[in-house]
Amino acid sequence: MKQQQSPYKCHLFVCGKSRGGERKSCGDGENPALKDALKNEISNRGWKGIVRVSDSGCLGVCEAGPNIMVYPQQIWFSGASLADLPEILHTLEKILAE
Ligand code: FES
């Protein structure tokens, strides 16, 4: 094993866990579409290579979902929807400006 530093300034983990309606889960909301929209915006803004968007399994806070966590900044977005895309991108802009 080799230990390395992450090449990304921030890494978004978008929970896509779906329980098919059995109980609340992020994948049953708009997170799959929000993940795709985030990936497109990050690519369009030239942030690829410094911002990464990855699918995530359950993050353990399903009732607050849909959830997205941003590391290493320790930011969580809960109850996220497509309408929140501008706010998430604004947060990323602020992170990248630091
Ligand atoms: S299903 Fe997303 S946090 Fe559990």
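Residue indices begin at 1 and follow the sequence shown. In this text, all values refer to a predicted model and were calculated from it rather than measured experimentally. In each ligand, atom 1 is the first atom listed, and ligand 1 is the first ligand listed.
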Participant: Using a 4.0 Å cut-off to any heavy atom of Cys26, which atoms of ligand 1 qualify?
Facilitator: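 What qualifies from ligand 1 is 1 (S), 2 (Fe), 3 (S).
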Participant: Under a 4.0 angstrom heavy-atom cut-off, which atoms of ligand 1 come close to Lys17?
Facilitator: 1 (S)
Participant: Determine whether Ile95 and Phe77 fall in the same hydrophobic cluster, where Ile, Leu, Val, Met, Phe, Trp and Tyr are linked whenever their side-chain heavy atoms lie under 4.5 Å apart.
Facilitator: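 In one cluster: yes.
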Participant: For atom 3 (S) of ligand 1, grab the closest protein heavy atom and report residue, atom and distance to one decimal in Å.
Facilitator: Leu59 N, 3.2 Å
Participant: Are the side chains of Leu12 and Arg52 in contact, using a 4.5 Å heavy-atom criterion?
Facilitator: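 They are not in contact (no side-chain heavy atoms under 4.5 Å apart), so the answer is no.
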Participant: Report the part of Arg19 (side chain from C-beta onward, or backbone N, CA, C, O) that has a heavy atom under 4.0 Å from ligand 1; answer both or neither where that applies.
Facilitator: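 Answer for Arg19: side chain.
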Participant: Can you list the ligand 1 atoms lying under 4.0 Å from a non-hydrogen atom of Val61?
Facilitator: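 Numbered from 1, ligand 1 contributes 3 (S).
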Participant: Can you hop from Ile88 to Trp47 via hydrophobic side chains spaced under 4.5 Å?
Facilitator: yes
Participant: For Gly65, is the nearest heavy atom under 4.0 Å from an atom of ligand 1?
Facilitator: no
Participant: Check each atom of ligand 1 against the heavy atoms of Asn67 and keep those under 4.0 Å away; list them by number with element.
Facilitator: 3 (S)
Participant: Say whether His11 and Ser6, considering side chains only, have a donor N or O and an acceptor N or O under 3.5 Å apart.
Facilitator: no
Participant: Once rounded to 10°, what is the value of the angle centred on atom 4 (Fe) of ligand 1 between Cys62 SG and Cys58 SG?
Facilitator: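 Nearest ten degrees: 90°.
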Participant: Please report the interatomic distance CD(Glu98) to NZ(Lys94), rounded to the nearest 0.5 Å.
Facilitator: 8.5 Å
Participant: Can you tell whether the side chains of Glu41 and Arg45 come within less than 4.0 Å, N to carboxylate O?
Facilitator: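 Looking at Glu41 and Arg45, the cut-off is met.
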Participant: Give the contacting part of Cys15 toward ligand 1: side chain, backbone, both or neither, where contact means a heavy-atom distance below 4.0 Å.
Facilitator: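 Just the side chain.
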Participant: Which of the atoms in ligand 1, numbered in the order shown and given with their element, are less than 4.0 Å from a heavy-atom of Ser25?
Facilitator: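 The list of qualifying atoms is 1 (S).
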Participant: Check this for me, if you would: do Arg19 and Asp28 make a salt bridge, where the nitrogen-to-carboxylate-oxygen distance has to be below 4.0 angstrom?
Facilitator: no
